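Heads up: the structure comes next, in C-alpha cells.
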Amino acid sequence: MSYAYLFKYIIIGDTGVGKSCLLLQFTDKRFQPVHDLTIGVEFGARMITIDNKPIKLQIWDTAGQESFRSITRSYYRGAAGALLVYDITRRETFNHLASWLEDARQHANANMTIMLIGNKCDLAHRRAVSTEEGEQFAKEHGLIFMEASAKTAQNVEEAFINTAGTIYKKIQDGVFDSFGIKVGYGGIPGPSGGRDGSTSQAGGCCS
Amino acid sequence: MHESDIHDLSDDADYAVASKQGSSSMTRADDSKRSSYSDLEDAEIVYLKDNVTIHPTQYAAERISGRLKLLKQGSSLFMTWMPYTGQSSNARLSGRDKNLYTIRALSFSDIQSIRRHTPTIGWQYVIVVSSVCAGLAFPPLYFYSGGVREFLATIKQHVLIVRSSEDANLFLVNNFQDPLQKTLSSLALPGSLANRTPSSSSSPSYGNLEDKYTSADGHLSSMQQNNKQRQKSHDPARDISIQVLEKFSLVTRFARETTSQLFRESLVDGHGPNEKRRTNWASKEHQSQEMTSNDVEIVPKKVPVPSDPLEFDKLSLVWGQPRQRPLGLQEWSTFLDSEGRIVDPNALKKRIFYGGVEHNLRKKVWTFLLGYYSYDSTYAEREYAVLVKKSEYETIKNQWQSISPEQAKRFTKFKERKGLIDKDVVRTDRSLPFYEGDDNPNVRLMHDILLTYSFYNFDLGYCQGMSDLLSPILFIMKDESEAFWCFVSLLERLGPNFNRDQSGMHSQLFALSKLVELLDSPLHNYFKQNDCLNYFFCFRWILIQFKREFEYEKTLRLWEVLWTHYPSEHLHLYVCIAILKRHRAEIMGEQMDFDTLLKFINELSGQIDLDPILRDAEALCVCAGENGAASIPPGTPPSLPIQDSSIYYQDDSLL
C-alpha cells in the first residue's frame, strides 16, 4: 500500500508496563493479556491518515529488561517518534523514566518526538503515580503526555496519532530533516531513508 | 534394497562384503529397474579403477577408498563403487557409514550426467547425477590413481554421452537403446520442470518425445546436434537442475530429499518452476528481486549480488549421512551396559546428532546430554543421585520460601526478582496445553524453579529469556527437582548469555562475525558496509537458542542436536550462518539496511525448515574446519568458562 510518509516509532520503558499490549491494541484493536514476553524486538505497523495524507507507522516494540539496554540502544537509530511507557500502578517504572529518557536523548535524533504514556489507567484503584506527577515530568522534559489503557483502549489511538501529528507538523515546519521519516510512493519528493544526517536544526520538541 | 539382489552378486568379493553390512540407501532403483541388473554375474568388466575415494567429511581419516567398475551386460552399462574393507585408516567409520555410500550396479540408463572436476590442487573427481527418483547426486568420486579420462572414454564406447555445449566438463548421458525409457528417465529429474519447458508447453506427451528420438536413431551426429540444441534452447532447466544437484552433493548431506523438496516448492507457488529455479539458484547473482515487503518506500534498486564463495567448486567437498530416524527405546538400550553405564558416549552423541531422540525417550536422554548425569554412572548411582539432588533442591528452595513478607519489605532485590519472574512465567508459552489456563500448576513450577535458580546462582540472578530456556526442559522432565538440575546444567554453559553486561552475547556475536568472514566474505563485507557487523539481528536466535524461531517440537529436536556438541560446541553459530546464507541473495539484493534486516530476520520466525538448515550447518562447520574453530575465541559460550571464579560477577548498581 502506498503512503506519503513512513514514521519509525520505538516503544520503550520498563518490562511489564504494557508496551506490547499498547502496540497490539493499536495495530489489531484487541487486548491480549496472555502473550509471550518480548525478547529483542518485535514489529508492528499500521496506516493512519493525517492531513489527508496516508502515513505508515512502523513500530518497534522493545524488550524492557535492564540487561537488554545495550541492544535496545541500537534500535533508536532513525526513529521519528518514541512512546515512553510506565505503569501507573508501579512506582518504580515511573522512577526509571529519567534513565530511559537519557538513553533516548543520547541515542536518538534530537528531533525525535517523545510521548510519555502512563499505562494501565483502568487500574485507578491501584494507582501509585498521580496524573499530575506524570504531567509534571512531561513538562519538565518537553514530552507529550497521556494516560492510557491498553486494556480498555482508552487514549491508545490518540497516543499514536497525536505523536504522528506532532512529527508531521515538524516536517511541515521544516524542523525535521530526513531522520526517521521515509517518503513513500505517493509522497512529495525529498530526501529519503538517510540516517547519517545528524544535523539538528531545532533543538526543542513541542510539549 | 532387497537381499535377493545382493545375493545374485555374491561371487564378487566386494558385493559379498557389502551385503553383509546391510541395506543401502544410496541405491534407489524402483521395482521395474531391479530386474535389469539383478543378475550381473555374467557381466563383463570393461573398466576397473582402484583407489577411487569419497570424502564424507573434511577429515582425512574419514575418507573411504574403494574400487570403481564399469560393467557391461548385454547392451546395458552399469557402474559400481565398493568401499574396501578392513582399511585401518577408516577405523572411525562404522560399517553402516561405509555401506551408505556404496554404489551397487547403477545403470547408465539411470544416470543423467557426469561432471568432471579438475581442481588446481588435489585430485580429479567426478560427480554423477542420477535421473531417477527426482534426482540424486552421488558423492564426488576422487580418482587418487588417476583415470578420469579413461573412465569417460570407456563410457563413451558403450553409451552415448554428449558434452554439454555450455560446459566442456559436463557430460550428459543419453543411451538411446531404449528411446522411451531414456526419454522418460531424462524427464524424470526435472520432472515437473520438463513438463513446463517451452518445448512441451501444453501437456507433455511422452509419445511425441519418443518419436522425436526414435527418428534420430542411427544418425548419431545429427542427433548429437539435435541433443545439443535441445540442451541449449529447449531445456535450460535441465542444466540448471544438474547444477543444483551437484551443488547439493557439495554442500549438503542428503541431496535427494532436499532437492525433491525444492522441486515440490517450485510447483506449489505460482511461479513457473523455471523462473523460480533461476531466481533461487542459477542467476540469483545477476538478478535483483522485487521486494515483497509493504514497507518498501522506493522502487528496489537492481543490485548484483556477489556469488557465494562456497558454491560449486570452491567448497571443500562435503557429503555426509542423511538424517536418521530419532533414537528409540530399543536402540537406546544398546548403548547401555548391564549396570546402566553408557559405554560409548561419543557414539551416542553422534547418533543423536544425526537423528535426535524419540519424544518418550527424551526425559532419559536429556539428563545425560545436559550433563546432569555422567555417562559412566550406573542405574543405582543415578537412583541415589535423584534423591540427594531432590533434597538439595528443597534446601535451596526453602531459602526464599522462608522469607517472610516483613523481611521481603526490606529485601528489594528479592522483591524485584520475584516480581520479574511473576510477570514472566505468565508470559511464557501459555498457548501450549502444558502451560495454558489460569492457575496452571506448571506455571507455578516454572516460577519456583526460576526463583530457586536465582538463589542457587545469586550473582547471575534472573534474566528474561531464562523462562524460554526452562519451558521445554520442564515440559520434558515433568519433575521439579530434575527440571531444576537440568536447567542448572544448561546454564553452566549458557549462563553467560544473561550476563548483565551482555559479554556472553557479544562474544558469540563476535565469533559469528568472524565465521561469516571466513565462510562468506562477500556477505561479511556487505554487513560491514551497511553497519550491521554487530549482528544484533541474530541476538534472539543466540540468546534463547532459536526457541522463538521454530515450533516447539522442532526446538526440542534442535536443542538435543546442539547439546551433543558434535561436530562442534558452537554448531549454533553455524546454524545462524546456514540461515543467513539461505537468504543472502535477498539481503544483499534488496540492499537491506540494519533496520530492514532486523525486521526481515524477525519475520523468518516460523518460516525456517530445520532439517535442511542442520545439514547446511554441519556442512559449513566441516568446511570451516580448524579455521572455523580458530575464529571462535576460547571460552565463547556454550563452551564451559575458562575460569570458574567470578564469571557471574555482576555490577549490581543498576538493578
Side-chain angles (χ1 to χ4, degrees), chain A residues 1-6 8 10 14-17 20-21 32-45 47 56-58 60-61 63-75 77-79 87 90 92-93 96 99 180-187 189 192-196, chain B residues 293-299 412 415-416 419-420 422-431 435-438 461-465 467-468 471 497-502 505-506 509 531-532 534 536-541 543-544 547-548 593-596 598-603 605 650 654-655:
Chain A
M1 196 191 284
S2 79
Y3 48 81
Y5 294 103
L6 183 145
K8 172 179 169 180
I10 178 167
D14 276 10
T15 181
V17 296
S20 301
C21 288
Q32 192 181 1
V34 175
H35 61 91
D36 282 355
L37 64 102
T38 307
I39 301 283
V41 62
E42 297 285 348
F43 295 87
M47 295 290 296
K56 177 164 184 167
L57 302 184
Q58 186 194 78
W60 294 44
D61 170 29
Q65 201 184 355
E66 181 65 44
S67 311
F68 301 131
R69 284 279 191 103
S70 65
I71 303 288
T72 308
R73 286 182 191 119
S74 69
Y75 304 150
R77 192 163 60 179
D87 173 354
R90 285 197 294 144
E92 69 272 18
T93 66
H96 293 155
S99 126
I181 296 155
K182 293 175 176 180
V183 180
Y185 293 114
S192 70
R195 53 175 146 73
D196 52 351
Chain B
S293 161
N294 288 334
D295 295 330
V296 180
E297 79 284 3
I298 42 170
V299 179
T412 308
K415 263 194 314 186
E416 282 179 357
L420 207 48
D422 284 341
K423 276 193 167 302
D424 286 353
V425 291
V426 296
R427 298 190 289 171
T428 304
D429 291 330
R430 296 299 301 288
S431 54
Y435 292 112
E436 79 182 353
D438 297 334
Y462 169 77
C463 181
Q464 289 189 331
S467 64
D468 273 277
S471 158
N497 282 15
F498 303 103
N499 284 352
R500 204 155 302 139
D501 63 1
Q502 295 288 303
M505 286 302 298
H506 285 300
L509 294 170
D531 225 354
C532 295
N534 61 22
F536 283 174
F537 46 88
C538 296
F539 180 81
R540 187 174 72 188
W541 290 359
L543 184 81
I544 51 173
K547 160 86 162 27
R548 301 278 183 104
D593 60 8
F594 179 79
D595 283 15
T596 315
L598 189 68
K599 187 163 183 293
F600 175 78
I601 297 285
N602 244 44
E603 286 166 359
S605 171
Q650 309 271 329
L654 290 170
L655 190 72

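What you are looking at is a predicted structure, and each value in this text was computed from that prediction instead of being measured. What's counted below: heavy atoms across the whole structure, side chains too, no hydrogens, waters or symmetry copies.
At a 4.5 Å heavy-atom cutoff, the contact between R90(A) and chain B is made by side-chain atoms alone. Contacts between D429(B) and chain A at a heavy-atom distance below 4.5 Å involve backbone atoms as well as side-chain atoms. Both the backbone and the side chain of L598(B) come within contact range of chain A, judged by heavy atoms closer than 4.5 Å. At a 4.5 Å heavy-atom cutoff, the contact between S467(B) and chain A is made by side-chain atoms alone. Residue S99(A) does not touch chain B at all, counting heavy-atom pairs closer than 4.5 Å.
Ion pair E42(A)/R540(B) flagged as a salt bridge, since at least one NZ, NE, NH1 or NH2 atom sits closer than 4.0 Å to an Asp/Glu carboxylate oxygen.
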Checklist line | Full working for side chain to side chain contact (heavy atoms under 4.5 Å, CB included) between H35(A) and R430(B) | finding: CA-CA 7 Å; H35(A) 61 91; R430(B) 296 299 301 288; over 6 Å; no

Checklist line | Stepwise side chain to side chain contact (heavy atoms under 4.5 Å, CB included) test for I39(A) and K547(B) | finding: CA-CA 11 Å; I39(A) 301 283; K547(B) 160 86 162 27; over 6 Å; no

Next item on the list: Determine, stepwise, if the pair T15(A) / Q464(B) fulfils side chain to side chain donor-acceptor pair (under 3.5 Å).
Entry: CA-CA 9 Å; T15(A) 181; Q464(B) 289 189 331; 2.7 Å; yes

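Within the 4.5 Å cutoff, side-chain heavy atoms of D36(A) are placed close to those of R548(B). T428(B) places a side-chain heavy atom less than 4.5 Å from the side chain of L37(A). Contact annotation: the side chain of R500(B) never approaches that of Q65(A) to less than 4.5 Å [non-hydrogen atoms, C-beta and beyond].
Side chain of Q502(B) to main chain of S67(A): a donor-acceptor pair is present (N/O by atom type, distance under 3.5 Å, no hydrogens or angles).
Of all the heavy atoms in V41(A) and N602(B), the pair that sits closest is O-ND2, 2.7 Å. Here the shortest heavy-atom pairing between K8(A) and D595(B) reads NZ-OD2, 2.8 Å. For the residue pair S70(A) and H506(B), the shortest heavy atom distance occurs at OG-NE2, 4.0 Å.
A distance below 6.0 Å separates the ring centres of F68(A) and F539(B).
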